[in-house]
Number of protein chains: 2
Amino acid sequence: MTELEQYIKSYFENIQSDELNKMSALFESTTLKKGGYFLKAGKHCDKICIIQTGVLRVFAIPDKEEVTQWIATKGYLGTDFSSFLYDTPSRWTIQALTDTELFTLSKPNYRKVGEVIPQWTELEKLFLVKCFTALENRIFSHLSMTAEERYNLFFTQNNDLFNQVPLKYIASMLGMTPETLSRIRKKATF
Amino acid sequence: MTELEQYIKSYFENIQSDELNKMSALFESTTLKKGGYFLKAGKHCDKICIIQTGVLRVFAIPDKEEVTQWIATKGYLGTDFSSFLYDTPSRWTIQALTDTELFTLSKPNYRKVGEVIPQWTELEKLFLVKCFTALENRIFSHLSMTAEERYNLFFTQNNDLFNQVPLKYIASMLGMTPETLSRIRKKATF
DNA sequence: AATTATTCTTGATAAAGATCAAGAAATCAG
DNA sequence: CTGATTTCTTGATCTTTATCAAGAATAATT
């Protein structure tokens, strides 16, 4: 199984191996330089990517400061679902924090996935439910946990990320200031 | 168009009128007394409901106190997607805050929807993306807004709810204590 | 390697929100 | 209707987190 196929399988669990093969053939390899954009807010999102190497940051720029919604690494899937599937302007900007290698799936090729894999809609539905559930959990963390607790949880699950990206983005993603994150981390080392 | 059909149409926008008819026929009418449960955490969720009248509260009970994840009124759809579609134990308890009339769709009937409506999987996918996007917005509100701002936003969008349910649940759903909500509301009236 | 820019840390202070406690108001049950 | 229960409000206080500012550390650029 290729690297890409492994990632696809991790998302669409019950996919068959021959289908996996057909699906992965629809992806293309591309790269992004550090600072390059995969998607800009306001534009229409016409592709999905799976990250092979590097880090992408999903963020929005409301009135004042940037707000980092998510940081995606190796194996993560990146897109603006709403923009991609409803063909509306994207709310998110997706930018490379490091040089990045991507497997991308264009919209025309995305449409072909359904032709190639009969049970695709079922797999896709289950995948979206998984995404939905992950967001439910994240909301729950904001309703029931302190900044420190959210940090600890995130750190245990993503500690590889901490030497790859500026901490200020992680702070924003966790809903705290960089100063607060710094102080929490100082505490945690004792 | 019946009331139920209107609700269904609001979720699955591009549904055809004859399909709407077939789909609504798969729902059954039930009621819940105040305090009654639509779903209990740990049980398998085997149905979906659309609320005709009354209010349901979706909550979890972690270590200490209850956390209200969501409050659903007239026209809202209630279920634990993850439990319903993956057949896993539910994480949420769903309880009636008032006497409630529901349109419910059992799992067997849910499966029939796909047979009755050819484009169902596409409609369902778009619906799930809408749910996903709503949660993204909610996370965003926790990353970029104060308690007061979250209250104001929610109040403008759901002010009918405020004379129907105890404020303490709304406070929990917005991620603040009842005391804080009370103080914010006092401010807002001047 | 030296300069510049960015990021991180630390301290002092302010503001937001939580907690605890008690009384008022509203709701519920008999 | 009445007593009991729940919910809401208010005050006092404490904790958490944000803000502002400045220096240290790190990374990027030439």
Side-chain angles (χ1 to χ4, degrees), chain A residues 32-36 54-55 57 59 62-68 71 95-100 139 141-155 159 161-190, chain B residues 32-36 54-55 57 59 62-68 71 95-100 139 141-155 159 161-190:
Chain A
L32 273 179
K33 284 271 163 213
K34 177 172 180 172
V55 185
R57 180 170 74 103
F59 66 98
D63 316 335
K64 318 162 193 179
E65 279 178 288
E66 285 181 7
V67 174
T68 297
I71 298 168
Q95 187 179 22
L97 286 181
T98 64
D99 287 354
T100 304
I139 289 173
S141 79
H142 282 277
L143 300 185
S144 63
M145 294 163 77
T146 63
E148 189 169 348
E149 288 167 334
R150 287 200 302 280
Y151 165 77
N152 285 330
L153 179 62
F154 185 78
F155 184 74
N159 72 79
L161 210 113
F162 283 77
N163 24 10
Q164 291 185 69
V165 308
L167 294 173
K168 62 177 184 171
Y169 299 132
I170 295 177
S172 174
M173 202 202 88
L174 290 173
M176 64 186 82
T177 59
E179 293 93 334
T180 297
L181 180 60
S182 177
R183 292 190 175 102
I184 287 172
R185 281 168 64 76
K186 190 183 180 186
K187 247 201 221 173
T189 53
F190 294 123
Chain B
L32 273 180
K33 284 272 163 211
K34 177 173 180 171
V55 185
R57 181 171 72 103
F59 65 99
D63 314 335
K64 319 163 192 177
E65 279 179 286
E66 286 180 6
V67 174
T68 297
I71 297 170
Q95 188 179 22
L97 286 181
T98 65
D99 288 353
T100 303
I139 289 173
S141 79
H142 281 278
L143 300 185
S144 64
M145 292 162 80
T146 63
E148 189 169 346
E149 289 167 333
R150 288 201 300 280
Y151 164 78
N152 286 329
L153 180 61
F154 186 78
F155 184 74
N159 71 79
L161 209 110
F162 283 77
N163 23 10
Q164 292 185 69
V165 309
L167 294 172
K168 62 177 185 171
Y169 298 131
I170 295 178
S172 173
M173 202 201 89
L174 291 173
M176 63 187 83
T177 60
E179 293 94 332
T180 296
L181 179 59
S182 178
R183 291 188 176 102
I184 287 172
R185 281 168 64 75
K186 191 183 177 187
K187 248 201 222 174
T189 54
F190 295 124

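Just so we're clear, the structure is a prediction, and the values are computed from it rather than from any experiment. Only heavy atoms go into these numbers, but all of them, side chains included; no hydrogens, no water, no symmetry mates.
To the nearest angstrom, C1' of C/dG17 lies 10 Å from CZ of B/Arg150. Spacing between atom CE of B/Met145 and atom C1' of C/dA16 amounts to 15 Å, rounded to whole angstrom units. In this structure, the NZ atom of A/Lys187 is 12 Å from the P atom of D/dT15, given to the nearest Å. Regarding A/Met176, its CE atom lies at a distance of 8 Å from the P atom of D/dA18, rounded to whole Å. For the pair B/Glu149 CD and C/dA16 P, the interatomic distance rounds to 10 Å; values are reported in whole Å. In this structure, the CD atom of A/Gln164 is 18 Å from the P atom of D/dT26, given to the nearest Å. Rounded to whole angstrom, the span from the CD atom of B/Glu65 across to the C1' atom of C/dA18 amounts to 11 Å. With rounding to whole Å, B/Asp99 atom CG is found 10 Å from C/dC28 atom P.
Expressed to the nearest 0.5 Å, how far CE of B/Met176 lies from CG of A/Leu143 amounts to 10.0 Å.
Residue A/Thr177 has no polar side-chain atom (N or O) positioned under 4.0 Å from OP1 or OP2 of D/dT17.
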Q.
Could you go through A/Leu32 and A/Gln95, starting from their C-alpha distance and side-chain angles, then the distance that decides it, and tell me whether this counts as side-chain contact (heavy atoms from CB on, under 4.5 Å)?
A. CA-CA 9 Å; A/Leu32 273 179; A/Gln95 187 179 22; over 6 Å; no
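Proximity of a side-chain donor or acceptor of B/Asp99 to a complementary backbone N or O of B/Lys33 within less than 3.5 Å is not detected. Not a single donor-acceptor pair under 3.5 Å links the side chain of B/Thr98 to the backbone N or O of B/Gly54. Without hydrogens or angle criteria, B/Arg150 side chain to B/Leu174 main chain gives a donor-acceptor distance under 3.5 Å.
Taking 4.0 Å as the cut-off between side-chain N and carboxylate O, B/Arg57 and B/Glu66 count as a salt-bridged pair.
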Q: Would you mind building the protein contact string for nucleotides 4-12 of chain D? One character per nucleotide, 5' to 3', B for base within reach (heavy atoms under 4.0 Å), S for sugar-phosphate only, - for untouched.
A: ---SSBBBB
